[in-house]
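This report refers to the structure that appears directly beneath it.
We count ligands from 1, going down the list as the structure has it; atoms in each ligand are counted the same way. What you are looking at is a predicted structure, and each value in this text was computed from that prediction instead of being measured.
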Amino acid sequence: MINILKKQECSGCYACTNICPKECIRMKSDNEGFWYPDIDKDTCINCELCEKVCPVINNPNKAENKINAYACKNKDNKSRNASSSGGVFSLLCDYVISKNGVVFGVAFDENFNVKHMHAETLEECEKFKGSKYIQSKIGSTYKQAKEFLDNKRIVLFSGTQCQIKGLNLYLRKSYDNLISIDIVCHGVPSPKVFRMYKEILVEKYKSDIKEVRFRDKVNGWKEFSCIAEFKNGKMYSKSAKEDIYMKGFLKDLYLRPSCYECKAKNFLSASDISLADYWGVENIHPEFDDDKGTSLVLVNSRKGEVMFRKISSSMDIIKTNLDYAISCNPCIVGPVKYNPKREQFFSEYNKKNIEKTIQKYTKVTPIQKIKGKIFGILRYINK
Ligand SMILES: Cc1cc2nc3c(=O)[nH]c(=O)nc-3n(C[C@H](O)[C@H](O)[C@H](O)COP(=O)(O)OP(=O)(O)OC[C@H]3O[C@@H](n4cnc5c(N)ncnc54)[C@H](O)[C@@H]3O)c2cc1C
Ligand code: SF4
Ligand code: SF4
Ligand code: SF4
């Protein structure tokens, strides 16, 4: 039976709960707002399946294949604008739905909780567009995906690298009708911190929220904005550098503990395609960058290659250099550094106003500001 000795050893992927034949694993939220398995030991039969599917201790099998990297932009500007980077994910949805397939992705529910859900029409796929910077709850979607796969439907399953690694281990065999897409991530923030932040916005604007967009491109893709629309018609809009929730997220202040020691990076998830932002595209392909969003698409398998070819005519594409792309986006291959203020933040966040607590732990001292400027100049000279 799974035995988590320290929190870094669980990425909260739900593979163990989906596989347990006795349904004796329940995911329980800890005081930071992250879920961990809680096992009813009286019901457990010690079958060890939960250990075999855990992506923190196992790697799925994958066929050796050269990874090809591309800079891509969806030709449909409306769709690209509604997406976080180049809008490639929505093209994959278009293809799969046109083949009567099923798409699994991440959406807000009616209370702005972030969950994995499935869609069988293009209208239903709309809710998946855009990054939601909160850990998504997988629930029983691995089981649902398996049912669709066994019924011979094409399934496109997207998720963070650990979620796709968990899915591929949970399935325990390869399916020709599965296309797994991992969304490169540097970490997922606490759902509880987001809930507390959302409550502050609701209080300030005296209205429930209608829509949240973390990566609005109104001021450009690189200077993205965080927007909340309220039911009373009011609107909140701040750049990611000013929005307090985004500040804490980008400083890795309240990520899941496993994200600082991530075991799903470096192409270990066995996904067919990885999607990321192509940060640094302006230096290597300046003619391609229009500051409206460019995706970095990494094609990792034969199946991924076939899929990529199917959607190619709907994109502007340049083949690019994988090493360069990784140098601008190191979280493709390794975890972020632990923020030393994290522990102190979580010891206080429940007691005081969340906005003020994040502010306190993201404050930049004058020395850090000078260091940042020098680092920026050196980076510019290097380029
Ligand atoms: C928490 C998080 C952190 C990220 N960090 C980075 C990063 O550091 N570097 C980088 O290059 N890219 C990062 N990304 C990915 C990137 O921002 C784009 O989402 C990705 O490139 C796909 O863009 P798109 O334009 O093709 O489609 P979009 O429409 O923008 O993407 C939607 C896809 O993202 C999925 N998704 C949305 N929210 C979540 C979530 N909470 N958990 C799992 N899947 C989700 C949807 O299901 C769908 O598959 C991150 C994404 C998330 C969710
Ligand atoms: S050992 Fe088997 S029965 Fe026990 S919790 Fe794990 S999967 Fe469930
Ligand atoms: S990482 Fe996934 S499979 Fe492993 S213990 Fe955590 S939830 Fe279960
Ligand atoms: S950083 Fe790693 S552990 Fe954290 S959500 Fe992303 S893939 Fe999972």
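- Protein atoms of type N/O/S that fall under 2.8 Å from atom 2 (Fe) of ligand 3 number 1 in this view.
- Close approach to G105 involves these atoms of ligand 1, each under 4.0 Å from a residue heavy atom: 47 (O).
- When only interatomic distances are considered, the shortest N/O to N/O separation between V88 and ligand 1 falls below 3.5 Å.
- Here K241 pairs with E223 in a salt bridge; the nearest charged N to carboxylate O distance falls below 4.0 Å.
- Under a cutoff of 6.0 Å and an axis angle of 45°, K217 and F224 do not form a cation-pi pair.
- Salt bridge status for K165 with D182: absent, with no side-chain N to carboxylate O gap under 4.0 Å.
- No salt bridge links K62 with D272; every basic N to acidic carboxylate O contact stays at or beyond 4.0 Å.
- The distance from ligand 4 to the heavy atoms of G187 drops below 4.0 Å at these ligand atoms: 1 (S).
- Between K129 and E126 a salt bridge is recorded (basic side-chain N to carboxylate O distance below 4.0 Å).
- Every atom of ligand 1 with a heavy atom of R215 under 4.0 Å away is listed here by number and element: 17 (O).
- In terms of protein heavy-atom proximity, atom 23 (O) of ligand 1 is nearest to S85 OG, 3.0 Å.
- Nearest-heavy-atom check against atom 1 (C) of ligand 1 across Y133, Y278, W279 picks out Y133.
- Side-chain atoms of S84 and S131 include a donor-acceptor pair closer than 3.5 Å.
- Aromatic ring centroids of F249 and Y254 lie 6.0 Å or more apart.
- The distance criterion of under 3.5 Å between nitrogen or oxygen atoms is met by V106 with respect to ligand 1.
- Close approach of ligand 4 to S258 (heavy-atom distance below 4.0 Å) involves ligand atoms 3 (S).
- Within 6.0 Å of CG in D176 there are 12 or fewer heavy atoms belonging to other residues, nucleotides or ligands.
- Between S131, G86, C328, it is S131 that holds the heavy atom closest to atom 17 (O) of ligand 1.
- Every atom of ligand 4 is numbered from 1 in the order shown, and the set under 4.0 Å from a heavy atom of V188 is 5 (S).
- Of all protein heavy atoms, the one closest to atom 9 (N) of ligand 1 is N329 OD1, 3.4 Å.
- Residues V299 and G304 share a closest heavy-atom pair of CG1-C, 3.5 Å.
- Considering both main-chain and side-chain atoms, Q163 never comes within under 3.5 Å of ligand 1 through any nitrogen or oxygen pair.
- Using a 4.0 Å heavy-atom cutoff, Q135 is absent from the residues neighbouring ligand 1.
- Counting the atoms of ligand 1 from 1 in the order shown, those under 4.0 Å from a heavy atom of G187 are 1 (C).
- Within the 4.0 Å heavy-atom criterion, both parts of D277, backbone and side chain, lie near ligand 1.
- Under the 4.0 Å criterion applied to side-chain N and carboxylate O atoms, E348 and K360 are assigned as salt-bridge partners.
- Between E305 and K303 there is no salt bridge, since none of the side-chain N atoms of the basic residue sits less than 4.0 Å from a carboxylate O of the acidic one.
- Residue L275 approaches ligand 1 through these ligand atoms, each under 4.0 Å from one of its heavy atoms: 21 (O), 26 (O).
- Salt bridge annotation for R256-E261: absent, with no cationic side-chain nitrogen under 4.0 angstrom from a carboxylate oxygen.
- Between G87 and ligand 1, a contact under 3.5 Å exists for at least one N or O pair.
- Here is the list of ligand 1 atoms found below 4.0 Å of a heavy atom in T160: 42 (N), 43 (C).
- Each of the atoms 41 (N) of ligand 1 lies under 4.0 Å from some heavy atom of I134.
- Under a 4.5 Å side-chain heavy-atom cut-off, the cluster of Ile, Leu, Val, Met, Phe, Trp and Tyr residues that includes Y14 is completed by I19, M27, W35, L49, V53, V102, F104, I138, Y142, F148, L149, V155, F157, I164, L167, L169, Y170, L171, Y175, L178.
- Counted within 6.0 Å of NZ on K22, heavy atoms from surrounding residues, nucleotides or ligands total 12 or fewer; the atom is thus considered open.
- At a 4.0 Å cut-off, not a single heavy atom of S90 sits close enough to ligand 1 to count as contact.
- Annotation: E23, atom CD; neighbour count of heavy atoms from other residues, nucleotides and ligands within 6.0 Å does not exceed 12.
- Looking from atom 6 (Fe) of ligand 4 to the surrounding protein, the closest heavy atom is C185 SG, 2.2 Å.
- Within ligand 1, the atoms closer than 4.0 Å to a non-hydrogen atom of C331 are 7 (C), 8 (O), 9 (N), numbered from 1 in the order shown.
- Residue V184 has at least one N or O atom closer than 3.5 Å to an N or O atom of ligand 1.
- Ligand 1 does not have R80 within reach: every non-hydrogen atom of the residue lies 4.0 Å or more from it.
- Relative to the six-membered ring of F288, K73 meets both conditions, a distance below 6.0 Å and an angle of at most 45° to the axis.
- Taking distance alone, with nitrogen or oxygen atoms compared against 3.5 Å, H116 stays at or beyond that limit from ligand 1.
- At a threshold of 4.0 Å, the pair R80-D290 counts as salt-bridged, since one of the basic side-chain nitrogens sits closer than that to a carboxylate oxygen.
- Nearest protein heavy-atom neighbour of atom 32 (C) of ligand 1: F128 O, 3.3 Å.
- The closest protein non-hydrogen atom to atom 2 (Fe) of ligand 4 is C262 SG, 2.4 Å.
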Tell me, with the steps shown, if Y70 and F308 meet ring pair (Phe, Tyr, Trp, His ring centres under 6.0 Å). CA-CA 10 Å; Y70 303 91; F308 186 71; 4.4 Å; yes
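- By the neighbour-count criterion of 12 heavy atoms within 6.0 Å, atom CG of N232 is densely surrounded, having more than that number from other residues, nucleotides or ligands.
- When hydrogens are left out, the protein atom nearest atom 4 (Fe) of ligand 4 is C259 SG, 2.3 Å; that is the closest non-hydrogen contact.
- Note that NZ of K238 and CG of N219 are 13.5 Å apart. Values are rounded to the nearest 0.5 Å.
- Inclusion of G130 in the set of residues having an N or O under 3.5 Å from an N or O of ligand 1 is warranted.
- Per-residue contacts place F89 under 4.0 angstrom from the following atoms of ligand 1 (heavy atoms of the residue considered): 26 (O), 27 (O), 48 (C), 49 (O).
- Scanning the protein heavy atoms around atom 38 (N) of ligand 1, the nearest turns out to be K132 N, 3.0 Å.
- Among protein heavy atoms, the minimum distance from atom 8 (O) of ligand 1 is reached at H186 ND1, 2.8 Å.
- Residue K251 places its NZ atom among 12 or fewer non-hydrogen atoms of other residues, nucleotides or ligands, all under 6.0 Å distant.
- Atom NZ of K152 is surrounded by 12 or fewer heavy atoms from other residues, nucleotides or ligands within 6.0 Å.
- The part of S158 lying near ligand 1 is the side chain, judged by heavy-atom distances below 4.0 Å.
- The protein heavy-atom contact nearest to atom 35 (C) of ligand 1 is I183 CG1, 4.0 Å.
- Taking 4.0 Å as the cut-off between side-chain N and carboxylate O, E120 and R153 count as a salt-bridged pair.
- In terms of N/O distances under 3.5 Å, ligand 1 is not approached by K129.
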